[in-house]
Each structure stands twice: as C-alpha cells, then as structure tokens.
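Heads up, the thing below is written out as structure tokens.
Lettering follows sequence order; numbering is per chain, from 1. Here the structure is a predicted model, which is why all the values come from computation and not from measurement.
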Protein chains: 2
Amino acid sequence: MFENASGHFRSVHSALKPKTALKNEGADGFRRYLSQGEHLFYEADRAVFVYEVVFGSLRLTRIQQDGRRHVVAFAFPGDIVGLPVDGRHSTECVAVAPVEVIAHRYDPAAPPEQKPGLHARVLAAALEEIRALQDHFLMLGRRSAAEKVAAFILWLEHRIGEGAGACRLIRLSMNRADIADHLGLTPETVSRTITQFRESRLIALDGAQTMLILDMPRMKSVAEGG
Amino acid sequence: MFENASGHFRSVHSALKPKTALKNEGADGFRRYLSQGEHLFYEADRAVFVYEVVFGSLRLTRIQQDGRRHVVAFAFPGDIVGLPVDGRHSTECVAVAPVEVIAHRYDPAAPPEQKPGLHARVLAAALEEIRALQDHFLMLGRRSAAEKVAAFILWLEHRIGEGAGACRLIRLSMNRADIADHLGLTPETVSRTITQFRESRLIALDGAQTMLILDMPRMKSVAEGG
DNA sequence: CGAGAGATTGAAGTTCCTCAAGGAGTGTGG
DNA sequence: CCACACTCCTTGAGGAACTTCAATCTCTCG
C-alpha cells in the first residue's frame, strides 16, 4: 500500500522515499509553481484542492493567538498537502524553496463513487499522516535537544538525502527558526546543537544550508539517546 | 459536519462534546466491554475493526525502543479509535476506566461502495484527527508546564466536564504518569503544577482523581500564557 | 561593495528534571 | 473490621538543560 507505483499518494510526513513523482495530471490535475516565500494556501482558507508535491519544499505552519507558531510539518516531492478539515485548511502552507505541485479538485463530502481513485488515495494519505504525526510526538516529548536535532537530520536524510561517497548530503531548504519551531526549541539551541555535531565530526557544513552526515551509525545512536 | 446527530463519527482528539452516544449497532456493529487496565488492541496488531467509544476512557500509547512512551491521546465517548495504518494499529489502546465500545468491521482497502456510510465516517474522523493532533503540537512545543497542564485541564473539561454550581467538575480517569507522558513532562512536575493551581485557588481537589475548576476565566488565561 | 537577514557565540537566568523520602488512598487477608 | 501492603501522589533539594538577551559574524543579494 501507499506505493507510488500503484498510484497511491503518500502523506505529508511519510518517511518512505518517493521513487518517482506521480504523473497523473490529465483529467483533473493541473500544475502550479511557487517561488520561495509564496503561499500555497492560508490557515482557514476554504479547501478546494489537495496538492501533490512534485518538486521543492513546503512548510506547514499553525499559529496561536499569542503569535507563537508551530511548524507542523515539511513536505517534499511525493507528499500530498492540503487535506481539508471541515472544508477548510488547518494550516498555512508556504514554499521554503521553489515548488511545483499538482492541484486536484477534491471535496470529501462528495460521494466517493464520483472519484473513487482520488478518494481512496486521500484516505490512505490521511491515515498515513496520522501515524507520521504520532511519530513526531515521540520527537517532541521529553527528549534532549541533541536527540531532537539528530532525529530531524535523519528524517531529512531519509526524505531528501543524496549520496556523496560514503557520506550523505542534505540540502536544508528551511532556516534555523523553522527547524526550531518544528522541534520545540529556540533557534539558538538548534544552532548550538549543530555546532556540537560539527565539532564532534558527526557532520560537516558548507554554509548553513548544506550538510554532510559523516557518521550515520553514530548519528542514529545520538537520535536514540545512546 | 462531524455532527453526531448526522451519524458522523468524531475523531479521537476532537474537542466537540458528544450530545449522545451513537446508536448504530445493528448490521455490522457489536459491543465490547473492558475493565480498567484491559487492552482493546496492541501496537502493530492487525486492524480488523474500528471502535466507537460509548462509555469510559481509553489511553492510546506509542512506545520507543528505549522504553520511553508517549501517550498519543485519550479517548472518550463519541470518539472513534483504531484507525488502521497499513492494515495495522499504530498505537496500543488500554482502558483507563471501565469501557464500552462498538466494534465495526472495517477494511480501508475495500471499495467504498461496500460500506459507503462507514467509509465516509472514517475519512471524516481521520481528517478531524489530523487537526486534533496538530492542535496537540501547539501544546507540546515550547510551552511552560503550567500552560500545558492548564490547557490539558481545559480540554478534559470540554470533553468530560460536569456542571457543579458555578464551577466545573472533572473526574480524571488517568493517573499523573499518563498525563505527564501526554504533555512531555515528568509526573513530579505535573503534581507540582496541580498543587500550585490548588494553592492559587484555581482548582480544588477531592482526592487525586476528582478536580473542580474554580475559576474558568483565569484557567484559560493561564493556558494561553497570560 | 554595501546592506540586511540569518547564523553563531557568549553569559546569565530560569525552568524543569533527577533522585530521594514521606504521605495518602485503596484493596486484601487475617 | 482492622492492619498491613502496595501503588500512586506529593514534597524537597540539588543540578542539568534550555532559554533569554545581546553582540558579533557570515552569507546572500541587490
């Protein structure tokens, strides 16, 4: 299930790596392009479409009355974003890097027979996303900054890591504040933790956005509190 | 949408209060009863049924390799638990008080036409639960212990609060450790925070499990960091 | 090349956790 | 029916971890 090959969408948080981007525009899908910083949708917007990410990175954010925000998720190629709750979007969605998506008109209240394929895929994506959100709880609950950051780096590697000899390369499209608001830390703590990782030869950096994981086993050990 | 009156299930985390328990046994629902501490299902169990809570309280837990656990959610009457991911349960589910549920045989891979009503309700419940899980993130992210505990008390009040003159009464079916693992705190901190609330006349206690909210407006203010 | 945003580093302060002991409530067996 | 035992809750003291506030540095882009 949830295989791209079989035409199933993968949910926002899914840790499975997309083999290829889906190619199902045709009948009811059309493409949209966003540059960095552009909104795909806002919180509480009426939800008419669900979006399949083809290229780039998106950030899903919820904001509280007092202005504090939480980055609920990052979305990458193969993910589906914009699942409606009560006919509206529950988060705002911004491109943190240039983005290409396919928009599918979708109404959860419509009879499933109308678009059986899309309906089934959205359900599968929703159920998968629930598990991914639960996974994220394990990250936010009583864990040290080092464990959180290490787990986040490993998740990123799993989603968008590139081979680089014996090492793994990650291009971070989000900034430190985004990471901090995702992990329940401050940007300073994220920065300090990354510095520690660099000083202990766990990773190497080229600028702030390009990261090389030098020691995957040890990184996994750190993420698990070893 | 998501009204009980219209026969829609409400998801595990939903903040809406059930007006009445659903009464849709008949064709494919049968009742199950659990006493305190009994499992409804375990993590990774093959998921054959989804369960509608009629009476009592359930705890949904995920466990990590190192033994640390996170209480993903508590479920009360009107909630639906056991949504399958990849055909399996993603959490374990234990009764924290005597429980009555209705079990509905459910297979997300089956064509929606087979059980259109159930299928639509499960989808609605799943989408609603995603939002609820996102809400919970705001609770776990960078917030003080007092804010977390106050927000949790208000959520409980919303779900199972009873009138008590000008005040609101809550019967806590879970223990301090469960609350701690839900909020990302230690039991000691939860206990200390509750003591503070009591000393500042925000709440009153009768034993450890029965709580009276004395000042709802101030409790809301505390939950929001005021 | 200059300006501005973002990242890093430092020092001080606060909050929460850890470890440990005592108290309250509940249930069981004599 | 009382006493004991067990579990859970509460309270205390000390220490670690993260945050806050502030300054400096670096990268990127016009």
Side-chain angles (χ1 to χ4, degrees), chain A residues 35-37 59 66-71 94 96-98 139-150 152-153 170-200 203-211 222 225, chain B residues 35-37 59 66-71 94 96-98 139-150 152-153 170-200 203-211 222 225:
Chain A
S35 51
Q36 187 174 0
R59 184 188 69 209
D66 59 12
R68 282 181 296 191
R69 63 172 208 165
H70 185 84
V71 174
V94 180
V96 292
M139 192 129 110
L140 282 173
R142 233 156 58 235
R143 302 185 68 166
S144 72
E147 288 174 272
K148 288 179 181 181
V149 174
F152 179 69
I153 289 173
I170 304 172
R171 297 178 202 281
L172 300 150
S173 38
M174 68 293 290
N175 63 28
R176 300 291 186 267
D178 289 338
I179 298 172
D181 284 342
H182 187 53
L183 300 178
L185 299 169
T186 57
E188 292 93 331
T189 301
V190 171
S191 182
R192 270 186 260 267
T193 306
I194 289 176
T195 299
Q196 279 172 22
F197 287 175
R198 182 165 48 74
E199 287 174 346
S200 63
I203 59 171
L205 290 175
D206 176 21
Q209 313 295 331
T210 306
M211 181 181 291
V222 171
Chain B
S35 51
Q36 186 174 2
R59 184 188 69 211
D66 60 9
R68 283 180 295 191
R69 63 172 209 165
H70 185 84
V71 174
V94 180
V96 292
M139 191 129 109
L140 283 173
R142 233 156 60 236
R143 302 185 68 166
S144 72
E147 289 173 90
K148 288 180 181 180
V149 174
F152 179 69
I153 290 172
I170 304 172
R171 296 177 202 283
L172 300 152
S173 37
M174 68 293 291
N175 63 30
R176 299 291 187 267
D178 290 337
I179 297 173
D181 284 342
H182 187 53
L183 300 178
L185 299 170
T186 57
E188 293 93 330
T189 300
V190 171
S191 183
R192 269 185 260 268
T193 306
I194 290 176
T195 299
Q196 280 173 20
F197 287 175
R198 183 165 47 72
E199 287 174 346
S200 63
I203 60 170
L205 290 174
D206 177 20
Q209 313 296 333
T210 307
M211 181 181 290
V222 171

side-chain contact (heavy atoms from CB on, under 4.5 Å) between A/His70 and A/Leu140: does it pass, once the steps are laid out?
CA-CA 12 Å; A/His70 185 84; A/Leu140 282 173; 3.9 Å; yes

How far apart are the C-alpha atoms of B/Val71 and B/Met174, what are their side-chain angles, what is the distance that settles it, and do they pass the side-chain contact (heavy atoms from CB on, under 4.5 Å) test?
CA-CA 11 Å; B/Val71 174; B/Met174 68 293 291; over 6 Å; no

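Remark: A/Arg69 pairs with A/Asp178, A/Asp181 by the salt bridge (charged side-chain N to carboxylate O under 4.0 Å, His left out) rule, at least two apart or across chains.
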Counting primed atoms, P, OP1 and OP2 as sugar-phosphate and everything else as base, the B/S/- map of nucleotides 4-18 of chain D against protein heavy atoms under 4.0 Å is -----SBBBB----S

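Judged purely by atom type and a 3.5 angstrom limit, B/Arg198 has no side-chain atom pairing as donor or acceptor with the backbone of B/Ala204.
For B/Glu147 and C/dT15, the CD to C1' distance is 12 Å, given to the nearest whole Å. Rounded to whole angstrom, the span from the CD1 atom of B/Ile179 across to the P atom of C/dC16 amounts to 16 Å. When the P atom of C/dC16 is taken as reference, atom CG of A/Leu140 falls 16 Å away, rounded to whole Å.
Only one option out of B/Ile179, B/Val149, B/Val222, B/Leu183 pairs with B/Thr193 in a side chain to side chain contact (heavy atoms under 4.5 Å, CB included); it is B/Val149.
B/Arg68 places a side-chain heavy atom less than 4.5 Å from the side chain of A/Arg143.
Going from atom CG of A/Leu205 over to atom CD1 of A/Ile170 covers 10.0 Å, rounded to the nearest 0.5 Å.
Residue B/Ala177 comes nearest to B/Pro187 through the heavy atom pair CA-CG, 4.0 Å, listed as atom of the first residue, atom of the second, then distance.
In the helix from C/dC1-D/dG30 to C/dA21-D/dT10, the end axes, each obtained as the rotation axis mapping the C1' atoms of four pairs onto the next four within a five-pair block, lie 50° apart to the nearest 10 degrees.
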